[in-house]
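Order of the sequence lines fixes the chain letters, A, B, ..., with proteins taken first and strands second; residue numbering starts at 1 for each chain. Values reported hereafter were calculated over all heavy atoms of this structure, with side chains retained and with hydrogens, waters and symmetry mates removed.
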Amino acid sequence: MEYNFKEIESNWQAYWAKNKTFAAKDGGDKPKYYVLDMFPYPSGAGLHVGHPLGYIASDIVSRYKRHKGFNVLHPMGYDSFGLPAEQYAIQTGQHPKITTENNIAVYRRQLDKIGFSFDWDREVRTSDPEYYKWTQWIFIQIFNSWYNKTTDKAENISSLISEFEINGNKKVNASCEESVRLFTVSEWKSFSEKEQSDILMNYRLAYLGEAYVNWCPQLGTVLANDEIKDGVSERGGYPVERKLMKQWSMRITAYAQRLLTGLDTLDWTDSLKEAQRNWIGKSEGTSLRFKIAGSDKRIEVFTTRPDTVFGVSFVTLAPEHELVEKLTTPENKTAVEAYVSQAKNRSERERQADINKITGVFTGSYVEHPFTGKQIPIWIGDYVLAGYGTGAVMAVPAHDSRDYSFAKYFGLSILEVVKGGDLEKESYDAKEGVLINSDFLNGLQVKDAVKLAIQEIEIRQLGKGKVNFRLRDAVFGRQRYWGEPIPIYYKNDIPYALIENELPLILPEVDKYLPTEDGEPPLARAASSWKHEGKYDYEHSTMPGWAGSSWYFLRYMDANNASGIADKKLMDYWQQVDLYIGGSEHATGHLLYVRFWTKFLKDLGYINIEEPAKKLINQGMIQGRSNFVYRVNGTNKFVSNGLKKGYDVTALHTDVNIVDNDILDVNAFKKWREDFSTAEFILEDGKYVCGVEIEKMSKSKYNVVSPDDIAEKFGSDTLRLYEMFLGPLEQSKPWNTNGITGVHGFLKKLWRLFYSAGASAPLSDQLIISNDEPTKGELKTLHKTIKKITEDIERFSFNTSISNFMICVNELTDAKCNKRAVLEPLLICLSPYAPHITEELWKQLGHNESISTVSFPDFNEAYLVDDNINYPVSVNGKLKFTLELPSTLTIQEVETEVMNNEQTQKLLDGKQPKKVIVVHKKIVNMVV
RNA sequence: GCCCCGGUGGUGGAAUUGGUAGACACGCAGGACUUAAAAUCCUGUGUCUUCGCGGACGUACGGGUUCAAGUCCCGUCUGGGGUACCA
């Protein structure tokens with residue numbers, strides 16, 4: 001019987017679906033194991049071969065863990081809100097819901113064809129009202145919470161209100177807006193409802209606040225930092241500018257320290273943890289106030305180098321700093337105003353492009369040095385950012401390169417206070433050296449000087465030791481249609497959250513998916529009929545893409561729950577994700593937000609885990625391998641790659657699906673596009689050889705390879721094996737079908753073990769399987785393979801395990817082994833990788849149960865040892881000769897045997913070795 | 001600039017704790033079977049040298065530690081990813 005993969009694969013896919021073979025059970029005696037993939041956004045282009053890479057890896061682990069006796073949760077769903085469907089809707093008028101559903105259907109069909117063991121009963125879609133009801137519910141919990149720094153967790157806003165009613169806010173230790181002012185109990189009680197609401201807004205973890213946002217006029221929406229690439233929007237490539245807007249935001253900064261310390265408990269790669277650490281950007285230093293000369297006002301700065309305080313030669317404010325106007329003297333007014341308005345109009349992109357251009361302006365005012373009382377000029381410079389620290393810096397040009405260039409450019413003084421650099425050439429930024437010209441800090445090392453300076457600043461009440469984070473609050477509102485409506489309505493200009501039984505707040509229908517003519521979000525188009533209790537306007541912005549994906553891992557635990565995010569008992573049972581696989585592009589976006597929401601939900605007691613995923617692996621990207629043809633300019637002639645030098649040619653992308661091993665199928669090429677139907681070719685060795693380049697996989701480059709085509713030609717088992725065989729999971733690599741015959745040949749060889757009497761014998765119609773006892777050699781091959789595969793899967797080294805399967809099958813083929821006792825355990829080992837063929841052969845062997853229900857075989861060390869092992873013996877590392885010794889010896893016995901050996905004695909020539917080292921039971925070294 | 005990860009045959013890659021570098025696969029060459037092709041099977045395949053046995057060299061480059069280095073340390077070159085006037 002031939003290996004008919006098409007029939008086998010469709011039969012088993014139908015069987016698994018019908019029998020719900022991979023449905024996870026909520027509970028039981030088995031230990032649980034939760035394997036999660038980052039769910040896809042269902043785009044219109046369908047899956048290409050790069051998408052399933054991570055899914056195949058997670059599927060292998062899931063199937064393996066089931067064999068190992070775990071109760072495995074391995075779900076899949078769709079991150080189905082997003083901009084592309086909305087853009088498509090704008091262009092065509094088709095409702096994004098329809099587009100999304102169509103795309104999901106295509107994805108599902110493609111995923112099913114690969115034979116994944118997902119539990120589809122738990123499918124989630126973020127755009128489903130039954131799902132986003134709970135996204136909205138979580139938003140309301142966050143809105144109704146504040147962060148208590150004393151208990152170091154989020155609490156319901158009611159505890160804050162009662163504190164206000166007892167003590168006012170002077171004792172409150174909260175993560176809140178810096179600008180919040182002190183009030184007493186009686187003041188609180190005298191405030192109007194609107195005033196109270198505004199005050200609480202400063203404390204809420206989801207709050208409405210003024211924020212500089214990345215505004216994209218073309219899209220009519222606000223973008224997150226990671227939705228912008230090179231200063232333009234990731235989708236569409238439109239310019240982006242900074243704009244101050246009232247926006248819903250999330251106070252993720254309250255969690256900065258916990259997000260940082262939590263990383264230590266995670267089994268994530270160092271590079272990923274490092275990326276998160278950099279993003280959170282903790283820096284320790286001190287605040288320091290400079291008194292403005294001739295005024296009672298002070299400018300507060302943040303510095304990590306208080307040791308260099310005697311080197312301050314000017315203070316720089318961000319152009320947006322609130323004191324700019326007051327500090328500007330009349331004679332400088334024109335220059336300052338011109339500079340400020342110009343700096344404000346510069347977009348982020350322009351600022352980045354002019355990174356080396358130094359700009360700034362003098363205000364005309366001075367501050368007093370806190371220790372020396374010396375007059376220090378106040379400047380404005382756009383290298384100081386309003387959004388970081390206090391928006392003002394003490395400039396120490398001698399020891400900070402940015403201050404240095406600024407000082408050099410404007411001719412300001414440079415005062416050396418740490419020895420070690422050459423200030424004629426550049427600033428000395430290193431945090432080591434001895435302090436000079438610094439009064440009480442003189443002679444100290446930088447490290448000690450920092451400590452002493454902070455101490456002194458605190459004693460003199462000039463400032464306070466402080467920790468600053470780079471992390472900023474996350475803007476949560478989007479001026480878009482295709483997202484979760486924010487469950488807020490406005491009554492007398494006060495925002496109120498909906499209550500649970502008013503959810504879900506369904507996304508209303510609109511006539512167009514664009515912002516309104518006066519710049520309101522698309523939802524404003526529905527406003528006339530879409531009102532709370534028929535009269536109050538709802539919030540018109542929607543949630544960002546990351547909202548739905550920040551808690552989906554919980555929903556899979558109880559995907560159809562109508563009364564909560566998921567049943568508490570089930571969340572307590574499934575706990576954390578044990579293995580999370582996805583792309584590294586989510587390192588600082590999704591993975592921070594999902595950690596943030598997890599911590600928040602824990603604080604409120606809804607879940608009892610602090611981190612969403614224990615182990616995380618980033619799969620590498622599969623790049624496209626583009627093929628080129630070279631058209632001789634002005635003709636319809638195409639010259640082969642090797643001969644193109646003599647011609648004036650234009651390189652054109654050609655469809656990789658009509659190219660085999662870089663040889664063009666010229667007839668298919670002529671049919672591919674009408675204008676090529678009359679093409680002529682200049683061949684080399686009778687072939688047309690194409691050029692090659694590695695690029696991102698994309699429709700426009702004609703280098704997209706669909707998994708469907710591969711499955712059609714070779715079968716899904718081959719696709720699965722080949723994607724894993726390409727190289728280490730975490731490494732990026734170009735797709736190249738050249739080697740696929742290797743893994744396909746492996747499956748055919750495996751099939752022959754069951755249906756043929758030998759390597760070159762013809763295939764039989766019947767299984768040729770014997771019940772004979774295996775030989776020692778066959779058992780050794782089997783157990784060696786089990787051992788290696790087990791170790792390979794445990795360390796996620798799927799490419800090497802496939803090599804080990806190949807070695808095993810080659811050895812069994814050589815041994816003409818067709819014994820049940822060898823082949824059955826081998827099938828079980830292979831089934832996570834190639835589920836269809838192994839299910840089929842398992843059934844042919846007479847089993848009624850799915851192979852996925854069988855225990856993974858254990859290996860037996862006893863079968864692995866050789867009778868004799870060659871021990872090369874070397875003296876001082878030089879290999880001299882080998883001895884044959886039985887492998888049953890202990891290391892001590894090997895030593896004795898080697899020492900007593902005649903040849904060893906001859907080599908040592910009467911000397912006694914100082915050291916005898918037996919390594920790997922294979923090499924014996926002697927140090928003389 | 002800073003941070004992180006890499007650099008091994010013609011190609012993808014293996015070498016798990018420092019212990020016989022190049023497993024496995026592709027490609028290529030030769031052979032078997034076949035009228036022929038496909039499929040399948042067998043042999044060879046790091047470089048140089050040698051008729052051959054063998055020998056020398058060899059993991060980006062230059063040093064170092066070690067009986068022993070692809071692996072550890074220092075420096076240089078180089079590729080990829082992240083991030084950026086973060087005070």
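- Using a 4.0 Å heavy-atom cutoff across all strands shown, A:Asp270 reaches no nucleic acid atom at all.
- Note on A:Lys749: only backbone sugar-phosphate atoms sit closer than 4.0 angstrom, heavy atoms only; bases stay farther off.
- Regarding A:Met724, its CE atom lies at a distance of 19 Å from the P atom of B:rG12, rounded to whole Å.
- Separating the CZ atom of A:Phe406 from the C1' atom of B:rC85 is a distance of 12 Å, rounded to the nearest angstrom.
- The CG atom of A:Asn810 sits 12 Å away from the C1' atom of B:rA23 (whole-angstrom rounding).
- A:Ser803 comes within 4.0 angstrom of a base, heavy atoms only.
- Across all strands, A:Gln731 comes closer than 4.0 Å only to sugar-phosphate atoms, never to a base (heavy-atom distances).
- Rounding to whole angstrom units, NZ of residue A:Lys466 and P of B:rC86 are separated by 18 Å.
- Atom CZ in A:Arg277 sits about 12 Å away from atom C1' in B:rC4, given to the nearest Å.
- As judged by a 4.0 angstrom heavy-atom cut-off over every strand, A:Thr316 is placed among residues making no nucleic acid contact.
- Note: CD1 (A:Ile807) to P (B:rG22) measures 13 Å, nearest angstrom.
- Put simply, the side chain of A:Thr785 never gets that close to the backbone of A:Cys808: no donor and acceptor are under 3.5 Å apart.
- In terms of phosphate contacts, A:Asn799 brings a side-chain nitrogen or oxygen within less than 4.0 Å of OP1 or OP2 of B:rA14.
- Spacing between atom CD of A:Gln276 and atom C1' of B:rU83 amounts to 14 Å, rounded to whole angstrom units.
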